[in-house]
Number of protein chains: 2
Amino acid sequence: MDNQQSEQLLQRKGLKKTKLRHALIQHFIKTQHAQSYADIKQALMEATDKSTLYRNLTAFEHAGLIHSINDYSGVTKYAFGEAPIQGNEHAHFVCECCETVYCMDGLAPLQLDIPKGFRAKRVQTIIRGICADC
Amino acid sequence: MDNQQSEQLLQRKGLKKTKLRHALIQHFIKTQHAQSYADIKQALMEATDKSTLYRNLTAFEHAGLIHSINDYSGVTKYAFGEAPIQGNEHAHFVCECCETVYCMDGLAPLQLDIPKGFRAKRVQTIIRGICADC
DNA sequence: AATTTAAATGCAACACGGTTGCATTTGTAA
DNA sequence: TTACAAATGCAACCGTGTTGCATTTAAATT
């Protein structure tokens with residue numbers, strides 16, 4: 001049982017160490033791809049309370065441990081890592097086949113030609129297609 | 001009462017003419033911006049059944065009368081006009097202040113550099129910022 | 001105009017994501 | 001060990017969206 005990594009992370013972010021939080025972090029590290037509430041719930045076999053889980057997800061996001069993603073599905077998903085900062089936004093790729101959501105760094109930014117009067121602050125791009133595994 | 005436009009549209013799409021459908025089309029023509037279920041419900045003062053409204057929205061979308069938009073809010077919104085066709089996708093601008101969703105045509109397309117193995121089919125871009133009215 | 005038929009409606013019930021209030025438990029610092 | 005704030009568990013709730021079914025209605029047929 002390798003709690004060291006999660007232990008460190010929680011400590012560094014000033015978050016109390018609890019069983020669920022350790023499990024959550026391990027899960028995010030292990031899975032790589034964006035996770036919905038349902039995904040997580042299913043993965044953590046131990047009966048986990050819904051509100052507690054949601055509260056931890058928002059706490060983690062607030063602490064910069066994970067970031068939330070809004071794909072077409074209508075449900076929020078979460079992925080490990082800091083939220084993309086201004087000017088360094090990354091795109092998300094949603095596989096139409098397996099529904100996996102990938103974070104894609106290093107894509108060329110969008111060339112925007114916004115009408116006058118409009119001020120763009122954040123750009124989120126979602127790419128739908130078929131992933132390398134399908 | 002100018003039903004002519006909606007009359008024509010429904011006829012052309014092979015949809016039966018009902019009170020609600022006329023009202024819906026008028027509403028979409030009048031409002032310009034993307035409408036959520038709640039927006040529409042509120043606008044059509046007459047007590048409208050939820051499932052009927054949703055069924056009509058999907059029918060309209062299927063017929064190409066309106067298209068659906070998925071912004072960050074988690075709720076689907078609908079806007080008048082055909083869905084953007086392949087290669088001609090338009091971006092959506094969400095105002096952080098008034099939450100209005102604008103369809104933005106004629107923006108320069110995204111320059112994509114997708115990792116090998118991945119095949120992109122649809123790209124949706126959502127721009128958050130402050131609109132001209134705010 | 002009366003009849004027929006398929007589609008549209010209204011209603012109730014449901015599934016699911018997500019939130020909130022509150023009592024109880026637990027981590028941690030003193 | 002104690003004390004306090006934060007985390008948990010539970011129940012109840014809200015909003016979006018869907019489904020099944022009986023009833024009504026638009027529109028094609030006679």
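For clarity, every value in this text was computed on a predicted model and none was experimentally measured.
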Axis-to-axis angle across the helix from C:dA1-D:dT30 to C:dA30-D:dT1, five pairs an end, to 10 degrees? 20°
Taking the side chain as every heavy atom from C-beta outward, state whether [X] and [Y] have any atom pair closer than 4.5 Å.
X: A:L53; Y: A:L24; result: yes
X: A:I69; Y: A:C103; result: yes
X: B:T125; Y: B:H92; result: no

Parallel, tilted or perpendicular: which fits the ring planes of B:Y54 and B:Y37, with parallel below 30° and perpendicular above 60°? parallel
I'd like to check the side chain to side chain contact (heavy atoms under 4.5 Å, CB included) partners of A:I29; sequence neighbours left out, ordered by chain and number. A:Q5, A:I25, A:F80
Protein-nucleotides 15-17 of chain D N/O pairs under 3.5 Å:
from	atom 1	to	atom 2	distance (Å)
D:dG17	OP1	B:T76	N	3.1
D:dG17	OP1	B:T76	OG1	2.9
D:dG17	OP2	B:Y54	OH	2.9
D:dG17	O6	B:K50	NZ	2.6

More than 12 heavy atoms of other residues, nucleotides or ligands under 6.0 Å from CZ of A:R119: yes or no? no
Here the pair of heavy atoms bringing A:F28 nearest to A:Y78 is CE2-O, 3.4 Å
Rounded to the nearest Å, what distance is computed from the CG atom of residue A:L57 to the P atom of nucleotide C:dG17? 13 Å
Listed once per pair and sorted, the ring pair (Phe, Tyr, Trp, His ring centres under 6.0 Å) pairs that draw on residues 3-26 of chain B, sequence neighbours left out: none
Sequence neighbours excluded - salt bridge (Lys or Arg N to Asp or Glu O under 4.0 Å) pairs with any residue from residues 5-15 of chain A: A:E7-A:K17, A:K13-A:E82
Assign each of B:S51 and A:T48 the nucleotide of DNA chain D bearing its closest heavy atom; nearer the 5' end lies the nucleotide of A:T48
Listed pairs, N/O of protein and of nucleotides 22-30 of chain C, under 3.5 Å:
from	atom 1	to	atom 2	distance (Å)
C:dT28	OP1	A:K17	N	3.2

